[in-house]
**Student:** 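Have a look at this one before I ask anything.
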Amino acid sequence: MTGSDRPPSASVADGLRTVLRYPDPRRFGQRAVEPTPEAVANLLRDVRPEAVLTLDEAGWLDTLGTALEVSKTEVPVWPIVPNMTRFVREVTDHGVVGSQIRSFMRLGVPAQLALMLRYAPKGLKLARNDFVTGLLMLVEMDMAHFRGLQVDTVVLGSQITELGLAFENRRLFAEFLRVVRRRYGASAGLMTSNLGLLAGRLAEWELEADVVVTPFNSKGFGMNPTQDSGESAVRALGSRIVALDFDANGTIPRDEALCYLERHDVRTYAVTPL
Amino acid sequence: MSDPVTNSGRLRVAVLGLGKLGLFHSEILSQLPDAELAAVVDADPKMGARAGSIGLSAPFYESFEEMIGREKIDAAFVCTPTFLHFPLVEEASAHGVHLFVEKPFTESHGRSSELLSVVDAAGVRCAVGYVLAYHPTFRRQTDLVREGAIGRVAGLSGTAFHSEVFRPKSGWLFSRARSGGGAVINPMSHLLFLAYRAVGLPAEVNAHNATLYSEVEDLSSVRFSYATGAEGRFVCSWSVPRYPILQLRLEIEGEKGSLTADQSGLVVDLDEPHGELPAGTTRLDLSDLAAGVPFDPAFENNGVMFLAQDSAFVDGVLHDRGLATDARHAVASEYLIAAIYRSAETGGPVSVEPSGGGLGAAE
């Protein structure tokens with residue numbers, strides 16, 4: 001084991017919970033954990049996470065499903081939606097509409113029917129011209145791939161969260177939170193590295209996320225615009241915080257990293273296998 | 001530039017082309033304190049409604065001509081497909097608009113040189129989107145080479161891998177006439193720009209390209225020989241699995257040490273101390289090199305380098321400061337790209353003019 005997948009010492013880790021973050025796009029091409037069901041099952045046994053925070057990426061969900069079965073672990077999955085990296089790849093090839101059609105064609109028939117009933121015929125046109133409707137459709141298409149897995153929290157990916165923050169799109173957040181809670185009966189999470197900005201906007205818009213997944217560490221790495229603003233935001237937000245990069249890629253000693261979380265009353269951190 | 005049109009001290013910027021990169025730059029510009037997103041332009045009229053629904057409140061126009069007739073702007077970000085860069089840059093330059101152009105500058109070195117003359121004659125600033133030059137790890141690597149931390153450079157080796165092309169593809173990006181080429185002019189160009197910025201132009205290029213799927217090359221293996229005796233080897237492919245995000249690695253060996261950078265960190269190996277760096281091996285993690293930023297548009301996708309790039313452009317134009325990715329540097333590195341294509345076509349080494357076709361050295 002290397003870096004942040006090493007379990008913390010019991011004295012510091014008491015009362016802290018872990019979420020397994022895998023795969024992490026920043027680790028693509030350099031991962032030491034082979035994405036085989038056996039390797040992932042071992043990881044689940046070692047880390048004993050409270051949940052698996054993950055993307056629907058290239059066959060990964062099949063691997064994860066098998067690993068959960070093999071390890072006899074009942075761990076909920078927290079989808080990060082939509083997978084924008086994949087979507088952007090497909091937009092380059094097929095355009096926005098073409099990539100939506102491809103995503104749709106990858107779904108099973110029940111999910112296709114459910115989406116058609118909800119969006120067709122007027123909704124499809126709307127989805128092309130209205131960003132929020134199109135986004136929710138993408139979220140639903142991604143979510144269809146998580147069927148069969150136990151999902152109790154759905155997290156909006158950082159690229160979309162940051163886009164919504166930059167353009168002050170309250171409707172994007174309100175609709176996402178509503179759809180996740182009502183349609184999936186799940187907690188709604190937001191992923192961001194602009195925590196100060198997120199806290200301010202949510203307060204202004206009178207919205208509250210159930211979970212916020214964000215870089216949080218004693219180095220201030222990924223805490224924008226400043227570490228102080230991130231710490232203040234954690235105090236101000238009513239949301240549960242899941243700390244990403246809690247040991248800044250292993251550059252902060254583990255106990256020091258976990259003490260920092262405790263000091264700021266952050267009770268959950270993400271473990272990211274290299 | 002001392003007189004932005006608003007006299008507010010903020011640079012009024014238009015974004016031309018609202019594809020993924022145009023939208024991304026719009027997002028960043030909307031958050032920069034010294035910039036004002038004044039207009040967005042896209043030839044597709046439907047993009048107006050779509051942009052509005054995202055929350056983009058800047059006025060939308062269907063052409064540069066229409067926009068420039070109504071808006072007073074200082075600068076434009078050209079984010080259209082490559083084959084549209086030349087006419088847009090030419091038109092915007094004629095209006096005295098400073099320019100940021102997504103890479104590559106144009107589809108060929110010849111056209112890039114010609115366009116550089118146009119920009120120079122118009123007296124406008126122009127930068128090209130070789131964004132890895134603003135990545136904290138690669139930027140530090142370049143700085144250390146230039147400061148002499150590893151002494152005279154003896155060799156370079158680099159890789160650029162991306163999982164993007166696994167079957168025949170259509171669209172402008174896969175048409176040589178419209179994009180200028182494949183893996184070399186796209187992912188590999190970042191690596192070539194970094195190598196050029198660190199050590200300048202080689203004397204000779206020997207390249208082998210392979211086309212697997214479409215009409216453009218999907219992988220390339222390149223060897224550089226420098227007049228100093230240094231050697232460079234670079235491999236690039238956008239048809240390798242496991243790299244959904246472009247991953248670059250550049251190792252620079254010197255007489256007094258070596259520097260190995262990728263997007264996660266920089267390994268410094270020095271025979272002698274340099275500044276705060278001790279002799280021996282030091283790993284500088286990205287978290288050691290990246291400071292907090294006003295806004296990170298994509299922290300899992302190297303967002304800080306895009307922010308740094310756009311911020312440097314705005315600052316450079318407002319305060320007349322140098323730009324690491326100035327069009328002159330871009331055209332010189334694209335001269336290397338042309339040499340690679342020439343070598344791959346002829347099947348042998350080709351010589352490179354020390355002046356980069358009259359463009360000068362890296363600095």
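Labels below follow one simple rule: chain letters A, B, ... track the order of the sequence lines, proteins then strands, and each chain is numbered from 1. All values below were derived from every heavy atom in this structure, side-chain atoms included, with hydrogens, water molecules and symmetry-related copies excluded.
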**Student:** If you tally heavy-atom pairs under 4.5 Å against chain B, which of A:Leu172, A:Asn217, A:Thr251 wins?
**Tutor:** A:Thr251
**Student:** Tell me, do B:Phe299 and A:Asn224 make a side-chain contact under 4.5 Å, heavy atoms counted?
**Tutor:** no
**Student:** For A:Leu244, which atoms come within 4.5 Å of any heavy atom of chain B: side chain, backbone, both, or neither?
**Tutor:** side chain
**Student:** What part of B:Phe295 lies closer than 4.5 angstrom to a heavy atom of chain A: side chain, backbone, both or neither?
**Tutor:** both
**Student:** Hey, which of A:Arg21, A:Gln227, A:Met223 has the most heavy atom pairs under 4.5 Å with chain B?
**Tutor:** A:Arg21
**Student:** Could you state the interatomic distance from CE (A:Met84) to NZ (B:Lys20), rounded to the nearest 0.5 Å?
**Tutor:** 10.5 Å
**Student:** If you compare all heavy atoms of B:Ser53 against all heavy atoms of A:Val132, which two are closest, and at what distance to 0.1 Å?
**Tutor:** O-CG2, 4.3 Å
**Student:** Supply the atom-to-atom distance A:Phe131 CZ to B:Leu56 CG, rounded to the nearest 0.5 angstrom.
**Tutor:** 10.5 Å
**Student:** With respect to chain A, which residue among B:Ala298, B:Ala290, B:Ser30 yields the maximal number of heavy-atom pairs within a distance under 4.5 Å?
**Tutor:** B:Ser30
**Student:** Quick one: does any side-chain atom of B:Glu27 pair with a main-chain N or O of A:Ala166 as donor and acceptor, under 3.5 Å?
**Tutor:** no
**Student:** I'd like to know whether CD of A:Glu204 has more than 12 heavy-atom contacts from other residues, nucleotides or ligands below 6.0 angstrom.
**Tutor:** yes
**Student:** Examine whether an atom of B:Ser26 lies under 4.5 Å from a heavy atom of chain A, and if so say whether it belongs to the side chain, the backbone or both; otherwise answer neither.
**Tutor:** both
**Student:** Between A:Ile252, A:Thr161, A:Thr226, A:Leu163, which has the largest tally of heavy atom pairs under 4.5 Å with chain B?
**Tutor:** A:Leu163
**Student:** Got a second to check how far B:Asp296's CG is from A:Ser158's OG, nearest 0.5 Å?
**Tutor:** 8.0 Å
**Student:** Under a 4.5 Å heavy-atom cut-off, does chain B meet the side chain of A:Phe221, its backbone, both or neither?
**Tutor:** side chain
**Student:** Do you know the tightest heavy-atom contact between A:Ala248 and B:Ser287?
**Tutor:** O-OG, 3.5 Å
**Student:** Test of understanding: with side chain to side chain donor-acceptor pair (under 3.5 Å), list the residues that count as partners of B:Ser221, not counting sequence neighbours.
**Tutor:** none
**Student:** What part of B:Ile28 is in contact with chain A, defined as an atom under 4.5 angstrom from a non-hydrogen atom: side chain, backbone, both or neither?
**Tutor:** neither
**Student:** Give me the contact list for residues 192-203 of chain A versus chain B, heavy atoms only, anything under 4.5 Å, ordered by residue number.
**Tutor:** A:Thr192, A:Ser193, A:Asn194, A:Leu197
**Student:** A:Lys219 and B:Asp288: which non-hydrogen atoms are nearest, and at how many Å?
**Tutor:** NZ-OD1, 2.6 Å
